[in-house]
Amino acid sequence: MIGATFEQLQVFVTLGRQGSLAGAARALGKSPSAVTAIMQVLEGVAGISLCDRTGYRAVLSAQGRDLLPRAELILREMQAWRAQAQSMATGIESELVIAIDALYSIEWIAPVLSTFRDRYPDVTLTLRTEISSRAVAAVITGDAPIGILVDFRPTKDLFRATPLGQVKLVAVCAPQHPLAQISGPHSRNTVHDHMQIVLGEHDRGAGEWGERGVLSIRAWHVTDMETKRRLLVEGVGWGSLPWHVAAPELQHGRLQLLEFSEWNFHSTVPELTASMVHLKDNVLGRAGQWFLAEILRSTTGQCSVTLK
């Protein structure tokens, strides 16, 4: 249907859905004669008969019915194109990518996401849940204009970071794990020889002090929170989890807390600051600006969960 206009395709698709020219005219608020004229022009463009006029009422021909699914697809794309162009004209971006540290709970921003969906229905939102290093990299490269990062420590003055609250970590192991049989508090010495499950990629350049948060000489690295949780529940090793991830497992007895008297340079397992981060020089569209403001308004200080 090369050369077909939006109006012509709209009439054609509506005719197919309504089943008659009269029904299409009512649905579109046009006169039957106007719909007939538009269909005749479209048939001239297509070079085939799209309507069967031999019966009591005009309906799509067999060829028209064969072309209907493709016309519906083209019409949807044209409608999406129009909506995107209108959004761009008003300063609303067509897509927004947000990198979220795997330590952060999506539940804390779910209400904002629901409002975002209704407020910006034509904006495609991509949420990239990543380990910390990858989430930071996505913001640095601009792949994600906005990041919700945990324990973010910028080395250059390129970012604008606003604290959202604290993510509490707890050290845990399964009841059947050997560490569960040792009374605490624990330290680097007591866990030194036990396998630690670490969320993140192995840092081969960590130096003599080792990787941040890694206390054992033996460690497995995983790149998603669910794998880490499952390995801990199965007793493969010990490790730390965000409180919101550990709480259900603690409630059901699948994990138990490990008390620590020291954790690297902390007196106990630390709480980490979650921050909303974006590059200072990156100009956000209206949807991104709204998301930043709404997250800061509604979630600051709420990174917590209660173990009942």
Side-chain angles (χ1 to χ4, degrees), residues 100-110 129-132 135 148-153 163-203 206 209-275 299 301-308:
I100 302 177
D101 194 305
L103 294 173
Y104 192 84
S105 173
I106 196 70
E107 294 179 5
W108 294 328
I109 63 170
T129 302
E130 307 271 15
I131 59 173
S132 297
I148 298 178
L149 309 179
V150 176
D151 200 26
F152 178 59
R153 303 181 185 185
L164 297 177
Q166 300 299 111
V167 176
K168 181 180 180 180
L169 297 181
V170 289
V172 293
C173 70
Q176 68 272 23
H177 191 277
L179 284 176
Q181 317 309 318
I182 303 174
S183 59
H186 295 279
S187 65
R188 179 184 291 270
N189 292 333
T190 58
V191 302
H192 187 260
D193 296 323
H194 294 275
M195 177 69 71
Q196 184 175 355
I197 309 299
V198 180
L199 181 67
E201 296 169 312
H202 180 40
D203 184 0
W209 295 105
E211 296 176 83
R212 190 167 68 193
V214 179
L215 278 62
S216 298
I217 59 171
R218 301 166 58 212
W220 282 2
H221 292 75
V222 299
T223 56
D224 69 275
M225 184 65 72
E226 177 60 15
T227 298
K228 180 172 184 176
R229 184 193 67 81
R230 291 296 299 271
L231 291 176
L232 292 174
V233 168
E234 295 300 324
V236 175
W238 74 277
S240 62
L241 286 175
W243 184 248
H244 64 269
V245 176
E249 309 302 333
L250 295 169
Q251 286 178 317
H252 291 92
R254 292 187 289 264
L255 290 175
Q256 69 179 53
L257 290 173
L258 294 174
E259 182 184 355
F260 273 77
S261 59
E262 60 169 315
W263 185 278
N264 281 2
F265 301 106
H266 300 274
S267 59
T268 185
V269 183
E271 292 188 0
L272 304 178
T273 300
S275 301
T299 66
Q302 294 183 5
C303 302
S304 61
V305 66
T306 301
L307 179 62
K308 297 180 181 179

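Note that the structure is predicted; figures quoted are calculated from it, not measured.
- Under the 4.5 Å side-chain criterion, counting only non-hydrogen atoms from C-beta, Ile217 is in contact with His192.
- The two residues Pro185 and Ser261 have their closest heavy-atom pair at CB-N, 3.8 Å.
- The side-chain heavy atoms of Met225 and Leu103, taken from C-beta on, include a pair separated by under 4.5 Å.
- Residues Ser275 and Pro163 approach most closely at OG-CA, 4.0 Å, considering heavy atoms.
- For Glu107, the CD atom counts as loosely surrounded, since its 6.0 Å shell holds 12 or fewer non-hydrogen atoms of other residues, nucleotides or ligands.
- In this structure, His186 and Phe260 have tilted ring planes: the angle between them lies in the 30° to 60° band.
- Across Ala180 and Ala174, no two heavy atoms sit closer than the pair CB-O, 3.6 Å.
- Judged by distance alone, with hydrogens and angles left aside, the side-chain atoms of Asp101 form no donor-acceptor pair with the main-chain N or O of Tyr104 at under 3.5 Å.
- The backbone N or O of Ser216 sits less than 3.5 Å from a side-chain atom of Gln196, completing a donor-acceptor pair.
- Note: Ile131 CD1 to His221 NE2 = 9.5 Å, rounded to the nearest 0.5 Å.
- Checking each of Val245, Leu257, Leu258, Ile197 against Val172 for a side chain to side chain contact (heavy atoms under 4.5 Å, CB included) leaves exactly one that passes, namely Leu257.
- Closest heavy-atom contact between Asp193 and Arg218: O-NH1, 3.3 Å.
- Two residues are said to be in side-chain contact when any heavy atoms from C-beta on lie closer than 4.5 Å; Leu215 and Trp238 meet this criterion.
- No side-chain heavy atom of Asp151 sits under 4.5 Å from any side-chain heavy atom of Thr273.
- Remark: side-chain polar atoms of His177 are paired, donor with acceptor, to backbone N or O of Leu179 under 3.5 angstrom.
- Contact annotation: the side chain of Leu241 approaches that of Leu255 to within less than 4.5 Å [non-hydrogen atoms, C-beta and beyond].
- The backbone N or O of Gln176 sits nowhere less than 3.5 Å from a side-chain atom of Gln181 that would complete a donor-acceptor pair.
- Residues meeting the side-chain hydrogen bond (donor to acceptor under 3.5 Å, both in side chains) test with Ser187, sequence neighbours left out: none.
- Every residue two or more places apart in sequence or in another chain that forms a side-chain hydrogen bond (donor to acceptor under 3.5 Å, both in side chains) with Glu130 is listed here: Arg128.
- Inter-residue side-chain proximity for Ile109 and Ile100 is flagged as met; some heavy-atom pair is nearer than 4.5 Å.
- In this structure, the side chains of Leu164 and Trp108 stay at 4.5 Å or more apart for every pair of heavy atoms.
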